[in-house]
There are 4 protein chains.
Amino acid sequence: MAANPARAGTGVDKRRLILDAAIHVFARKGFHSCRVSDVADEAGVAYGLVYHYFQSKEEILDTLFSERWQLMIDAIVAIDARDDVAARDKLYMVASFIVDSYRHEPDLMKVIIVEVTRAANTFGRRHLPKIREAYELIGKIVDDARGEGAFKSDISGEFAAMFFYGAIEQLLSAWIFDLVPQTDEEFERAKSLVVEAICSGLEAEPAEGLSAVSG
Amino acid sequence: MAANPARAGTGVDKRRLILDAAIHVFARKGFHSCRVSDVADEAGVAYGLVYHYFQSKEEILDTLFSERWQLMIDAIVAIDARDDVAARDKLYMVASFIVDSYRHEPDLMKVIIVEVTRAANTFGRRHLPKIREAYELIGKIVDDARGEGAFKSDISGEFAAMFFYGAIEQLLSAWIFDLVPQTDEEFERAKSLVVEAICSGLEAEPAEGLSAVSG
Amino acid sequence: MAANPARAGTGVDKRRLILDAAIHVFARKGFHSCRVSDVADEAGVAYGLVYHYFQSKEEILDTLFSERWQLMIDAIVAIDARDDVAARDKLYMVASFIVDSYRHEPDLMKVIIVEVTRAANTFGRRHLPKIREAYELIGKIVDDARGEGAFKSDISGEFAAMFFYGAIEQLLSAWIFDLVPQTDEEFERAKSLVVEAICSGLEAEPAEGLSAVSG
Amino acid sequence: MAANPARAGTGVDKRRLILDAAIHVFARKGFHSCRVSDVADEAGVAYGLVYHYFQSKEEILDTLFSERWQLMIDAIVAIDARDDVAARDKLYMVASFIVDSYRHEPDLMKVIIVEVTRAANTFGRRHLPKIREAYELIGKIVDDARGEGAFKSDISGEFAAMFFYGAIEQLLSAWIFDLVPQTDEEFERAKSLVVEAICSGLEAEPAEGLSAVSG
DNA sequence: TATGAATGAGCGTTCATTCAT
DNA sequence: CATGAATGAACGCTCATTCAT
């Protein structure tokens with residue numbers, strides 16, 4: 001009875017303990033390089049208990065991914081549902097949600113990206129339908145904006161979503177591997193930049209009066 | 001002795017045979033899921049010969065990556081060296097080189113992306129410096145354009161390169177996992193779209209006569 | 001307290017429930033291949049309750065065997081005690097008891113034979129004394145008949161019991177593994193045949209008047 | 001090249017070494033109770049070599065059984081082919097072959113009987129077709145004799161084979177578990193007795209002159 | 001060069017048993 | 001009596017690597 005829901009009061013939820021331990025162990029050593037005993041040790045539980053709650057080591061990772069990814073899908077759906085927000089701002093909110101997810105739970109996001117999302121030939125393969133669901137929601141935001149004339153019509157939502165998500169994932173990867181600094185300012189700046197880059201592009205708009213000269 | 005230069009006359013270069021076999025085996029089964037014997041079998045050579053030419057299974061992957069990645073770096077350097085080409089066109093040429101690499105050797109590119117570039121916590125880690133070298137070359141193209149006023153100054157070359165490369169890698173991933181069709185037309189269209197999206201952005205430019213109104 | 005005697009009134013005897021469940025689970029999946037939880041599930045009781053009534057998984061099997069085997073020993077003793085019955089008929093009654101045991105409780109007999117009697121290097125080892133007791137009772141029937149001249153004196157009761165019991169066990173094995181049909185007629189016929197074969201032999205007796213000719 | 005055929009001269013056949021070690025380890029500790037490392041240790045080879053020659057622990061047992069059982073089938077076929085031998089003598093020769101097999105390689109026969117033939121719900125299941133082949137050959141000997149009038153017609157070859165083989169297996173079991181003495185004399189006597197019991201039966205023939213009275 | 005037999009550390013998983021409630 | 005979470009030893013199998021020939 002106490003297995004799934006957090007047990008009230010007296011004791012800890014060992015299942016949650018194992019999941020949380022797995023986040024840190026997977027992030028630190030990598031899914032394949034760590035042993036189940038590493039997870040059990042980190043959680044402070046007996047080896048066998050891991051298999052009491054999970055069918056396999058893989059199921060732990062699956063669970064971590066599914067829990068988190070669903071949150072993101074829900075968030076994107078909620079963002080898309082708002083009709084008082086421009087497409088560009090919706091994309092900003094999506095970027096913001098993802099970046100903040102990393103900011104608050106970097107290990108979990110590292111695991112999800114490194115071990116699932118970017119490991120498309122192993123775990124990613126299994127979760128591709130769920131992963132695509134997110135892409136499609138982003139694509140829908142773009143396509144709706146195209147319908148309204150706010151976005152160009154020659155870049156389909158599908159491609160736009162790929163570029164947008166690809167850019168963000170690369171950003172997170174850069175943080176994950178410490179290639180760029182991770183400060184609150186950087187996080188905020190990155191959100192704006194990725195949306196700016198994807199929505200407005202890198203090219204400078206010609207200065208009003210000089211456009212004729214440059215052309 | 002015959003390892004590096006193609007041996008004249010007598011026979012095939014077994015080392016090359018092993019590398020080519022590895023490309024297909026790694027692409028088909030994944031680096032971690034395949035055994036050294038799979039590579040030897042595919043190459044039609046004896047098990048032990050693999051260890052005559054390579055120190056370890058990892059060295060094979062390292063070699064495949066290094067060979068190919070260097071070609072790309074050389075290509076970007078050459079592209080960047082041309083001073084008769086606009087930044088946007090340079091980026092197009094880079095995108096073109098990468099897409100064509102995939103078009104001509106999809107298995108090799110799949111291996112490099114799936115097993116190295118996107119596996120940043122295992123092999124990617126080891127090759128990060130080399131990977132960054134490419135990012136930096138792309139970043140330099142952007143920064144030079146910023147200096148000339150062709151590109152916006154608020155998106156650094158570093159970030160721009162991340163977005164650009166991230167978008168392309170996502171594109172390749174979609175092909176690799178068969179999420180989008182792979183025809184010559186699609187390849188060509190994708191090159192244009194990724195450059196269009198990154199350089200000009202998704203947003204529609206306001207219609208000529210209405211710009212004053214909307215501004 | 002309620003373990004041994006059937007508890008009056010209130011509820012079912014959980015201990016019996018577990019034993020009966022074990023019969024079917026052991027028969028279906030085999031003793032070694034099933035888990036204690038399988039037995040608990042089949043019985044509809046909690047995992048831990050099995051260990052409340054039994055020291056170990058093995059004790060369940062021991063109990064099943066001992067209960068049943070004692071019934072057989074008692075039956076053979078009763079059969080042997082009758083002095084109005086010929087040796088051949090006593091053997092028939094023994095064969096009949098065993099065959100009927102299988103007819104009425106095939107799963108239980110399957111477990112006893114497959115997991116105990118024929119598993120002489122594991123459980124059989126532990127129960128060898130009890131198993132031999134049955135052999136010896138059969139042997140005694142034969143030896144008594146030898147003393148009276150009804151049976152040949154050159155085949156000891158010990159060997160005769162081995163052959164007799166071996167033949168019956170092989171018969172049951174054939175039923176257990178569905179090698180021969182299991183109908184009431186077949187069961188009755190088998191009883192007769194095994195006694196006929198062991199007591200009279202396979203060889204045809206020469207026809208009365210023709211014996212001189214054939215000799 | 002040297003794996004399957006015995007290597008000439010210089011070295012030992014490690015595969016054979018493993019099989020022979022397995023015979024003794026399986027006989028001593030039982031198939032399920034022994035570890036693969038026990039076999040490797042007994043053979044004096046590295047753990048992994050066992051898996052170089054065999055797919056699994058089970059395959060070792062399968063191999064041992066198949067090798068030996070085929071020899072027996074071949075022997076029974078050869079015995080049956082002789083047309084100068086009476087059915088009773090053919091059965092004697094079969095009993096003799098089996099008993100001598102045990103006499104010369106008791107461990108191997110123990111393994112085959114205890115772990116395969118009498119373990120019908122695990123390994124026996126897999127080998128049932130091969131096991132039945134032997135039964136059928138014995139049954140054929142009986143049926144042929146019935147056709148010629150030498151054996152009774154009311155006991156089918158199928159049942160007769162069951163009784164005959166069951167009696168012999170019980171005999172071997174008794175030796176295997178040291179319930180009866182194992183001397184050359186005993187082995188020879190047992191061969192005769194089992195054939196005598198099955199062919200002529202246990203019952204004493206009535207004395208010449210008294211048959212009319214008793215009948 | 002070339003072969004493939006030989007090595008052995010490592011790990012995921014199972015499951016009988018215990019015990020706190 | 002009854003529950004089922006918690007324990008942890010045990011083991012089959014994999015496979016990268018070595019090495020004798």
Side-chain angles (χ1 to χ4, degrees), chain A residues 1-3 7 10-11 13-15 18 32-40 43-59, chain B residues 1-3 7 10-11 14-15 32-41 45-60, chain C residues 1-3 7 10-11 14-15 32-41 45-60, chain D residues 1-3 7 10-11 13-15 18 32-40 43-59:
Chain A
M1 183 196 290
R7 200 157 47 177
T10 75
D13 181 348
K14 297 281 179 80
R15 192 185 122 97
I18 291 167
H32 285 104
S33 306
C34 82
R35 292 169 291 174
V36 174
S37 68
D38 293 332
V39 175
V45 302
Y47 196 107
L49 197 62
V50 175
Y51 285 91
H52 180 74
Y53 288 111
F54 302 94
Q55 297 276 338
S56 67
K57 185 183 169 188
E58 300 204 345
E59 202 193 81
Chain B
M1 182 196 292
R7 196 158 50 174
T10 75
K14 296 280 180 79
R15 190 184 124 97
H32 284 104
S33 306
C34 82
R35 294 170 290 181
V36 173
S37 69
D38 293 332
V39 175
D41 289 349
V45 303
Y47 200 109
L49 197 62
V50 174
Y51 283 89
H52 179 75
Y53 286 111
F54 302 94
Q55 296 281 334
S56 68
K57 185 184 169 188
E58 301 205 344
E59 201 192 81
I60 302 174
Chain C
M1 183 197 293
R7 197 160 49 179
T10 76
K14 296 280 180 80
R15 192 185 121 97
H32 284 104
S33 306
C34 81
R35 293 169 291 180
V36 173
S37 69
D38 292 332
V39 175
D41 289 349
V45 302
Y47 199 108
L49 198 61
V50 174
Y51 283 89
H52 179 74
Y53 287 111
F54 301 94
Q55 297 280 337
S56 69
K57 185 184 170 189
E58 300 205 344
E59 202 194 79
I60 303 175
Chain D
M1 184 197 290
R7 199 155 48 177
T10 75
D13 180 348
K14 295 281 178 80
R15 192 185 122 97
I18 291 167
H32 285 104
S33 306
C34 82
R35 293 170 290 177
V36 174
S37 67
D38 292 332
V39 175
V45 301
Y47 194 104
L49 197 62
V50 174
Y51 286 90
H52 180 74
Y53 287 111
F54 302 94
Q55 298 276 338
S56 67
K57 187 184 169 188
E58 300 204 346
E59 203 192 80

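In what follows, chains are A, B, ... by sequence order, proteins preceding strands, each numbered from 1.
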Q | Qualifying residues under ring-ring contact (aromatic ring centres under 6.0 Å, His included), relative to B/His32, sequence neighbours excluded | A |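 Result, ring-ring contact (aromatic ring centres under 6.0 Å, His included) vs B/His32: A/His32.
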
Q | Set of side-chain contact (heavy atoms from CB on, under 4.5 Å) partners for D/Tyr51, sequence neighbours left out | A |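 So D/Tyr51 forms a side-chain contact (heavy atoms from CB on, under 4.5 Å) with D/Val36, D/Tyr47.
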
Q: Tell me, with the steps shown, if B/Tyr53 and B/Glu59 meet side-chain contact (heavy atoms from CB on, under 4.5 Å).
A: CA-CA 10 Å; B/Tyr53 286 111; B/Glu59 201 192 81; over 6 Å; no

Grab the [atom1]-[atom2] distance between [X] and [N] for me, whole Å please.
X: A/Leu49; N: E/dG12; atom1: CG; atom2: C1'; value: 16 Å
X: C/His52; N: F/dA2; atom1: NE2; atom2: C1'; value: 8 Å
X: D/Ile18; N: E/dA6; atom1: CD1; atom2: C1'; value: 10 Å
X: D/Lys14; N: E/dA5; atom1: NZ; atom2: C1'; value: 8 Å
X: D/Phe54; N: F/dG12; atom1: CZ; atom2: P; value: 15 Å

**Q.** Partners passing side-chain hydrogen bond (donor to acceptor under 3.5 Å, both in side chains) against B/Glu58 (at least two apart in sequence or in another chain)
**A.**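 B/Glu58: side-chain hydrogen bond (donor to acceptor under 3.5 Å, both in side chains) contacts with B/Arg126.
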
Q. Based on Watson-Crick and G-U pairs with both distances under 3.5 Å, what dot-bracket line describes DNA chain E 5' to 3', crossing pairs as [ ] and inter-strand pairs as |?
A. .||||||||||||||||||||

Q | Shortest non-hydrogen separation from A/Leu49 to A/Ile18 and the atoms involved | A |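 A/Leu49 and A/Ile18 have their closest heavy atoms at O-CD1, 4.0 Å.
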
Q: Treat primed atoms plus P, OP1 and OP2 as sugar-phosphate and everything else as base, then score nucleotides 16-21 of chain F 5' to 3': B for base contact with protein heavy atoms under 4.0 Å, S for sugar-phosphate contact only, - for none.
A: BBB---

Q. Want to settle it: does D/Ser33 or C/Val45 sit nearer the 5' end of DNA chain F, counting the closest nucleotide to each?
A.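 Whichever sits nearer the 5' end wins; that is C/Val45.
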
